[in-house]
Amino acid sequence: MLDLKFIRENPDTVKKGIESKNEKNRVDEIIALDTERRSIITKVEDLKARKNSVSQEVGKLKKAGQNADAIIAEMKQLGDDIKLRDDKLAEIDSSLNDILMWIPNLPHESVPFGKSSTDNVEARNWYPSGYEEFNFTPQDHLALGTKLNILDFERGAKITGSGFPVYKGKGATLERALINYMLDLHINKHGYTEIFPPFMVNADSMRGTGQLPKMADDMYTIERDGLYPIPTAEVPITNLHRNEIFEEDQLPVNYVGYSACFRREAGSYGKDSKGFLRVHQFNKVEMVKFVKPENSLAELENLVSDATEILENLKIPYRVLALCTGDLSFAAAKCYDLETWSPAENKWLEASSCSTFWNFQARRANIRFRKKEDKKLEFVHTLNGSGLATSRLMVSILENYQTSDGHIVVPEVLRKYTGFELI
RNA sequence: GGAGAGGUGGCUGAGUGGUCGAAGGCACUUGUCUUGAAAACAAGAGACCCUUUACGGGGUCCGUGGGUUCGAAUCCCACCCUCUCCGCCA
């Protein structure tokens with residue numbers, strides 16, 4: 001959520017920022033409502049001040065045994081007047097809030113301007129030393145997984161629906177190994193605290209991180225209980241501190257957590273939908289940071305480096321993309337995507353997204369910290385990054401580690417978790 | 001699912017219609033005292049919003065949302081959450 005005062009004082013900056021994200025700017029509408037709102041507030045608070053002081057007089061008069069009927073009658077009318085104006089105010093507040101909840105975060109000034117994903121900027125890429133292309137035609141992950149009997153998309157579709165993969169045998173073990181390896185690295189080497197969150201959250205949490213209201217169609221819902229299966233562990237973990245206040249020296253707080261992720265992927269059938277490329281349930285290890293504003297950008301770089309270390313240890317080629325304004329998500333101020341190489345698809349696949357949300361989520365979720373120097377409260381900055389999503393990573397592992405006879409060599413760092421070296 | 005108890009400021013805890021943003025205690029900040037610290041004493045200290053160049057002024061907030069009243073932390077209604085017991089259960 002953007003600061004209403006900031007919008008009021010910098011309407012042009014806000015308009016420009018919103019439009020660079022290809023979103024409709026409703027700034028003029030906001031300002032009109034805000035102006036009306038403030039004029040009502042001024043008036044109604046005047047009336048309330050009068051009501052408060054006169055009501056106290058009534059108390060005194062009654063105590064003194066005097067008659068207050070005339071004033072009481074007048075106050076009754078004043079009360080009705082206040083109620084009318086308060087109702088109007090509540091109406092305006094609610095429409096104003098509705099609009100504000102739909103206003104995206106502004107891109108940071110360092111974000112490259114662009115219309116769509118084709119305008120993203122490749123910051124760097126990485127290949128393991130001695131990397132060579134296959135001297136045979138590589139099979140894709142779906143063919144490999146099916147033949148080796150480690151993935152079963154068909155039965156997943158039977159028991160649940162399409163896009164709900166089943167991992168089997170060594171495939172299941174490999175998946176588990178990957179998750180454990182990533183968690184252990186972030187916990188033991190990078191100093192994150194592990195969180196194992198609930199996989200369902202309430203609507204307040206979804207609003208706090210910005211999934212609601214805009215992404216409602218992309219989420220599963222459990223209407224009867226008012227709950228939502230999480231699309232990412234970002235939601236429960238960031239909301240852990242909703243409506244809370246940190247002391248300055250507690251920051252930064254770094255969490256890492258595994259969760260299954262549930263996404264409806266509405267309207268995306270047909271494109272990239274083969275195998276793991278687009279699924280409704282997948283596994284992800286997510287890093288979440290709560291930091292002081294001045295450290296936001298540096299911490300974003302840390303997030304990227306913590307995530308890419310996994311890929312380098314797995315020896316998988318990757319590239320880092322700086323997302324352009326037009327490709328930035330609703331809540332993000334700045335974002336890097338990490339893409340891993342798929343030799344069979346012959347393209348890069350998004351395996352991680354590392355973002356700073358500036359104070360956008362912190363405002364929505366009301367997460368603040370008390371500054372040491374002047375004891376004032378200020379919103380924290382929140383960041384998160386996948387470290388990483390296993391589905392896309394699994395594609396890259398299977399395809400990059402395949403042998404000419406259709407087997408999979410287990411990446412070295414995972415072997416102590418799998419207990420086997422070959423699938 | 002059934003029965004009961006309860007939700008008050010950073011914590012604890014009083015308050016059952018009027019001057020209560022809310023006693024007392026703990027913790028906190030500042031000052032006095034002290035070589036320093038502790039203790040003691042004194043003072044101060046909440047969040048959000050509106051308004052003001054500023055000093056300041058005003059409003060809202062006692063789980064949430066409604067209602068009654070001139071006036072609600074206090075009365076009424078609905079909901080949410082926590083705890084205890086019973087039932088069921090991975």
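Residue numbers start from 1 in every chain, and the chains themselves are labelled A, B, ... in the order their sequence lines are given, proteins ahead of strands. Computed from a predicted structure; not experimentally measured. Values below: every heavy atom of this structure, side chains too, minus hydrogens, waters and symmetry copies.
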Exercise. Is the CD atom of E294(A) crowded by more than 12 outside heavy atoms at less than 6.0 Å?
Worked result: yes
Exercise. Does the distance from a Lys or Arg side-chain N to an Asp or Glu carboxylate O, for D152(A) and K168(A), drop under 4.0 Å?
Worked result: no
For this session: State whether the side chain of K284(A) and the backbone N or O of S386(A) hold a donor-acceptor pair below 3.5 Å, judged by distance alone.
Result: no
Problem set entry | G21(B) to G58(B) separation - C1' atoms, rounded to the nearest Å | 15 Å
Seminar exercise, completed: Listing for RNA chain B: consecutive Watson-Crick or G-U pair runs of at least 3, distance cutoff 3.5 Å, ranges ordered by first number, gives B:1-7 with B:80-86, B:10-12 with B:24-26, B:28-32 with B:40-44, B:46-51 with B:56-61, B:63-67 with B:75-79
Exercise. What interatomic distance, in whole Å, is found between P of C75(B) and the corresponding atom of G25(B)?
Worked result: 27 Å
Exercise. Taking Y167(A) as the fixed residue, which of F276(A), F282(A), F153(A) is the one that meets the ring pair (Phe, Tyr, Trp, His ring centres under 6.0 Å) rule?
Worked result: F276(A)
For this session: Could you check how far CD of E247(A) sits from C1' of A27(B), rounded to whole Å?
Result: 12 Å
Problem set entry | ring pair (Phe, Tyr, Trp, His ring centres under 6.0 Å) against H381(A), all qualifying residues, sequence neighbours excluded | W358(A)
Exercise. For the pair made of CG in L61(A) and C1' in G18(B), what is the distance, rounded to whole Å?
Worked result: 12 Å
Seminar exercise, completed: Sorted by chain and number, sequence neighbours left out, side-chain contact (heavy atoms from CB on, under 4.5 Å) with L240(A) holds for I195(A), I237(A), Y255(A)
Using a 3.5 Å cut-off and no angle test, enumerate the donor-acceptor pairs between side-chain atoms of residues 214-222 of chain A and protein atoms at least two apart in sequence or in another chain.
residue: K214(A); atom: NZ; partner: E23(A); partner atom: OE2; Å: 3.0
residue: Y220(A); atom: OH; partner: H280(A); partner atom: ND1; Å: 3.4

For this session: Applying side chain to side chain donor-acceptor pair (under 3.5 Å), name anything that partners N313(A), two or more places apart in sequence or on another chain.
Result: Y181(A)
For this session: Not counting sequence neighbours, which residues clear ring pair (Phe, Tyr, Trp, His ring centres under 6.0 Å) with F360(A)? List them please.
Result: F330(A)
For this session: With side chain to side chain contact (heavy atoms under 4.5 Å, CB included) as the test, would you mind laying out the steps for E248(A) and K292(A) before giving the verdict?
Result: CA-CA 8 Å; E248(A) 180 171 347; K292(A) 292 196 270 180; 3.1 Å; yes
Exercise. Looking at residues at least two apart in the chain, or sitting in another chain, which of them share a ring pair (Phe, Tyr, Trp, His ring centres under 6.0 Å) with F262(A)?
Worked result: none
So which protein N/O to nucleotides 70-76 of chain B N/O distances come out below 3.5 Å?
residue: C70(B); atom: OP2; partner: K76(A); partner atom: NZ; Å: 2.6
residue: C70(B); atom: O2'; partner: S55(A); partner atom: OG; Å: 3.1
residue: C70(B); atom: N4; partner: K62(A); partner atom: NZ; Å: 3.4
residue: G71(B); atom: O4'; partner: S55(A); partner atom: OG; Å: 3.4

Exercise. Between the main-chain N or O of L227(A) and the side-chain N or O of D225(A), is there a donor-acceptor pair closer than 3.5 Å?
Worked result: no
For this session: Could you tell me whether D81(A) and R85(A) make a salt bridge, using a distance below 4.0 angstrom between a side-chain N and a carboxylate O?
Result: yes
For this session: Starting at the 5' end of nucleotides 47-58 of chain B, put B wherever the base has a protein heavy atom under 4.0 Å, S where only the sugar-phosphate does, and a dash everywhere else.
Result: SSSBS------B
Problem set entry | Integer angstrom distance from the P of G65(B) to that of G15(B) | 25 Å
Problem set entry | C79(B) to A22(B) separation - C1' atoms, rounded to the nearest Å | 26 Å
For this session: Starting from P on G9(B), measure out to CD1 on I245(A) and report it in whole angstrom.
Result: 13 Å
Problem set entry | Those residues of residues 88-99 of chain A lying under 4.0 Å from RNA chain B by at least one heavy atom | none
Exercise. With side chains defined as the heavy atoms from C-beta onward, is the minimum distance between I423(A) and L174(A) less than 4.5 Å?
Worked result: yes
For this session: Can you tell me, in whole Å, how much space there is between the P of A78(B) and that of A23(B)?
Result: 32 Å
For this session: Kindly indicate, with the supporting measurements, whether the criterion side chain to side chain contact (heavy atoms under 4.5 Å, CB included) is fulfilled by F6(A) and L106(A).
Result: CA-CA 12 Å; F6(A) 183 82; L106(A) 303 178; 4.0 Å; yes
Exercise. Once the angle between the rings of F290(A) and F246(A) is folded into 0 to 90°, is it parallel (under 30°), tilted (30 to 60°) or perpendicular (over 60°)?
Worked result: tilted
Exercise. Given atom CG of D81(A) and atom P of G59(B), what is their separation to the nearest angstrom?
Worked result: 17 Å
Short heteroatom pairs, N/O only, protein and nucleotides 63-68 of chain B, under 3.5 Å:
residue: G67(B); atom: OP1; partner: K83(A); partner atom: NZ; Å: 3.3

Problem set entry | Pairwise C1' distance, G6(B) and A14(B) [rounded to whole Å] | 16 Å
For this session: Not counting sequence neighbours, list each pair that qualifies as a salt bridge (charged side-chain N to carboxylate O under 4.0 Å, His left out) and has a residue in residues 176-196 of chain A.
Result: K189(A)-E309(A)
Problem set entry | Euclidean distance for C1', U60(B) against C77(B) (whole angstrom) | 23 Å
Problem set entry | U64(B) versus U12(B) - spacing of their C1' atoms, nearest Å | 24 Å
